[in-house]
Amino acid sequence: MDIIMEKTPEMECVDQGEALHSDSAYGSSAVDTDTEDCLTPLEITFPYNEDLMHKTIMVGDSGVGKTSLLVQYDQGKFIPGSFSATVGIGFTNKVLTVDNAKVKLQIWDTAGQERFRSVTHAYYRDAQALLLLYDITSKSSFDNIRAWLTEIHEYAQKDVVIMLLGNKTDMAGERVIKHEEGEKLAKEYGVPFMETSAKTGVNVELAFLAVAKELKHRAAQQPNEPKFQIHDYIASEKQKSGCCGGYM
Ligand SMILES: Nc1nc2c(ncn2[C@@H]2O[C@H](COP(=O)(O)OP(=O)(O)OP(=O)(O)O)[C@@H](O)[C@H]2O)c(=O)[nH]1
């Protein structure tokens with residue numbers, strides 16, 4: 001932790017006189033004892049610790065595409081129908097660069113099936129982020145999001161970062177959940193929202209990057225710094241890319 005000593009405007013005494021002997025034999029940081037009062041700890045900084053490992057968990061009903069999304073993110077590929085239902089829990093480590101800092105995510109893929117739910121709960125406790133998925137072609141997976149959020153609020157830490165993702169946007173012809181419905185639900189719970197496709201890769205990197213940015217900013221938050229706004233970040237990236245016909 002660094003304590004930065006800076007002048008406040010009323011500290012002209014330091015400038016006026018011989019308080020800081022920058023060119024003197026005292027060296028650049030020598031301070032007269034009676035001017036020490038002119039220096040106050042203005043700000044305490046918490047430099048981001050690149051050794052931190054942020055546990056991030058993928059959750060949602062069976063078949064929504066959790067494994068596929070993680071494989072697309074990790075290996076940049078999609079193998080249709082290649083995954084049998086996840087039966088346990090596995091993780092992938094990823095290192096992202098956020099504002100010149102390395103941010104480490106340990107991303108856990110969980111089984112969506114009901115019978116594995118108690119195992120998944122155990123993993124919520126020390127999770128810093130949760131990617132909660134539904135499938136835009138499955139009404140039941142969307143309807144179950146409320147139940148997932150109730151579970152998350154019950155078992156996860158209060159300040160866990162949650163991102164809602166509507167997956168399989170490439171299956172536009174089979175869509176049953178409109179983008180606006182996902183957005184409305186996300187707003188209701190105050191969580192960021194995006195639509196993704198594990199098949200085409202749309203928004204996959206952005207989803208993880210937005211989560212990593214939020215985690216990094218939280219971990220290195222400084223008292224006077226404006227809070228990182230994940231919603232604004234996603235909106236601006238959306239504008240920049242002009243992707244998805246206005247949909248994210
Ligand atoms: N077209 C399309 N198919 C997808 C997409 N994501 C996943 N799938 C398919 O949906 C099926 C289920 O995907 P998984 O990744 O196994 O789903 P899961 O959420 O991990 O399922 P569980 O392990 O049972 O919890 C597979 O046949 C995938 O190929 C997508 O974005 N687009």
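Counting starts at 1 for both ligands and their atoms, in listed order.
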### Query
Just heavy atoms, cut-off under 4.0 Å: does Asp170 contact ligand 1 by side chain, backbone, both, or neither?
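It is the side chain that touches ligand 1; the backbone stays farther off.
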
### Message
Regarding atom 11 (C) of ligand 1: of the candidates Lys168, Met171, Lys66, which has the closest heavy atom?
### Response
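It is Lys168 whose heavy atom sits nearest to atom 11 (C) of ligand 1.
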
### Message
Going by the closest heavy atom to atom 15 (O) of ligand 1, which one wins out of Ser68, Gly60, Gly63?
### Response
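Of the listed residues, Ser68 has the closest heavy atom.
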
### Task
Assign the ring pair Phe193 / His179 to parallel, tilted or perpendicular, where the plane angle (0 to 90°) is split at 30° and 60°.
tilted

### Query
Using the ring of each side chain (for Trp, its six-membered ring), is Tyr123 parallel, tilted or perpendicular to Trp108, with breaks at 30° and 60°?
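Geometry flag for Trp108 against Tyr123: tilted rings.
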
### Query
Using a distance-only test with no angle check, is there a side-chain donor-acceptor pair under 3.5 angstrom linking Thr67 and Asp109?
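Checked: Thr67/Asp109 side chains pair up, N/O donor to acceptor below 3.5 Å.
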
[X]: numbered ligand 1 atoms lying under 4.0 Å from its heavy atoms:
X: Ser197; result: 31 (O)
X: Asp61; result: 19 (O)
X: Asn167; result: 5 (C), 6 (N), 31 (O)
X: Ala198; result: 6 (N), 30 (C), 31 (O)
X: Val64; result: 17 (O), 19 (O)

### Task
Please round to the nearest 0.5 Å and tell me the distance separating atom OG of Ser197 and atom CG of Leu165.
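With rounding to 0.5 Å, OG (Ser197) is 12.0 Å from CG (Leu165).
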
### Residue of the set Leu105, Leu215, Leu52, Asp159 for which side chain to side chain contact (heavy atoms under 4.5 Å, CB included) holds with Gln128
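For Gln128, the side chain to side chain contact (heavy atoms under 4.5 Å, CB included) test succeeds with only one of Leu105, Leu215, Leu52, Asp159, which is Leu215.
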
### Task
Test the Lys94-Phe208 pair against the cation-pi criterion, namely NZ or CZ under 6.0 angstrom from the six-membered ring centroid and within 45° of the ring axis.
no

### salt bridge (Lys or Arg N to Asp or Glu O under 4.0 Å) assessment of Glu195 paired with Arg175
CA-CA 12 Å; Glu195 288 194 335; Arg175 179 193 277 275; 2.8 Å; yes

#### Entry: 4.0 Å heavy-atom contact, Val71 with ligand 1
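Heavy atoms of Val71 never come under 4.0 Å of ligand 1.
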
